Amino acid sequence: MTGTDAKRMPVDPENRTWAPVTDLRNIDPHDRIAFFEARDQHLREQWVEQMTTVIIKEKLQRCTRQEGVNAPENCHHLVEAYMDRLRRGGFKSWRTELQERQKAAAAAALADE
């Protein structure tokens, strides 16, 4: 792989860090490359959030089984972490983010008139 090929890769194979891109709400809708990069970043972030919630839930289930009757005392920190994740609400799809941005832009255009 040449030096120019390495610059085009979005991910560093050694430590799996992705190059930062512009947020989905701040891109030009006509720039297709920026749109797809922002969409992919949004999907990665949502996936990490979902998998973190799953991991906390699995740890909570394991702790509850191991602790038995003492689970409310010894697993309280996991209950709080899991409930915090659930209180944050559902995950927004990239389409929902884009539709909200378009509605906000339309409302701003009407307000300017």
Side-chain angles (χ1 to χ4, degrees):
M1 179 176 358
T2 64
T4 57
D5 290 337
K7 290 179 184 175
R8 284 189 221 146
M9 290 180 60
V11 65
D12 181 11
E14 281 76 34
N15 60 10
R16 299 286 185 212
T17 56
W18 294 84
V21 297
T22 306
D23 192 315
L24 192 60
R25 291 169 286 209
N26 300 327
I27 60 167
D28 177 22
H30 302 292
D31 185 1
R32 303 311 293 169
I33 293 174
F35 172 77
F36 287 120
E37 287 178 349
R39 184 196 67 178
D40 290 346
Q41 175 179 332
H42 178 78
L43 293 173
R44 280 190 301 271
E45 290 171 356
Q46 293 298 318
W47 182 255
V48 168
E49 287 291 320
Q50 288 175 345
M51 290 299 105
T52 304
T53 303
V54 168
I55 289 169
I56 292 172
K57 180 181 177 183
E58 290 172 353
K59 286 182 178 181
L60 176 59
Q61 289 172 337
R62 195 171 339 139
C63 181
T64 303
R65 273 193 305 264
Q66 288 175 350
E67 297 297 329
V69 296
N70 296 328
E73 297 169 2
N74 298 337
C75 303
H76 184 68
H77 64 286
L78 293 172
V79 172
E80 288 297 318
Y82 186 61
M83 292 305 294
D84 180 51
R85 291 278 179 173
L86 294 180
R87 278 187 212 115
R88 291 183 192 178
F91 302 100
K92 290 185 179 180
S93 71
W94 62 272
R95 284 190 179 116
T96 305
E97 291 271 343
L98 192 60
Q99 289 170 351
E100 288 177 359
R101 180 179 155 225
Q102 290 170 347
K103 286 179 185 177
L110 287 175
D112 290 341
E113 293 177 356

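A quick note: this is a predicted structure, and the numbers were derived from the prediction, not measured.
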Does a side chain donor of either Gln46 or Gln50 reach within less than 3.5 Å of an acceptor in the other side chain? no
Show, in sequence, the C-alpha distance, side-chain angles and deciding distance for Arg88 and Glu49, and conclude whether the side-chain contact (heavy atoms from CB on, under 4.5 Å) test is met. CA-CA 11 Å; Arg88 291 183 192 178; Glu49 287 291 320; 3.1 Å; yes
Audit row: Arg62, Lys59, side-chain contact (heavy atoms from CB on, under 4.5 Å) steps and yes/no: CA-CA 5 Å; Arg62 195 171 339 139; Lys59 286 182 178 181; 4.1 Å; yes
Go through it in stages, so that I can follow the logic: the residues are Gln41 and Glu37, the test is side-chain contact (heavy atoms from CB on, under 4.5 Å), and I'd like the CA-CA distance, side-chain angles, deciding distance and then a yes or no. CA-CA 6 Å; Gln41 175 179 332; Glu37 287 178 349; over 6 Å; no
Are Asp40 and Arg44 within salt-bridge range, i.e. N to O under 4.0 Å? no
Would you give the length of the straight line joining atom CD of Gln61 to atom OH of Tyr82, rounded to the nearest 0.5 angstrom? 7.5 Å
Non-hydrogen atoms of Cys63 and Leu78 that approach each other most closely: CB-CD1, 3.8 Å
Output the distance between atom CG (Leu60) and atom CZ (Arg65), rounded to the nearest 0.5 Å. 10.0 Å
Where Thr64 and Ala71 come nearest, the two heavy atoms and their spacing: CA-CB, 4.0 Å
Taking all non-hydrogen atoms of both residues, which atom of Thr52 and which atom of Arg85 are closest, and how far apart? CG2-NH2, 3.0 Å
Flag if over 12 foreign heavy atoms under 6.0 Å of CG, Leu110: yes
side-chain contact (heavy atoms from CB on, under 4.5 Å), that's the test. Do Arg87 and Met83 meet it? Break it down for me. CA-CA 6 Å; Arg87 278 187 212 115; Met83 292 305 294; 3.7 Å; yes
Measure from NZ or CZ of Arg32 to the centre of the six-membered ring of Phe35, then state whether that distance is under 6.0 Å and the direction lies within 45° of the axis. yes
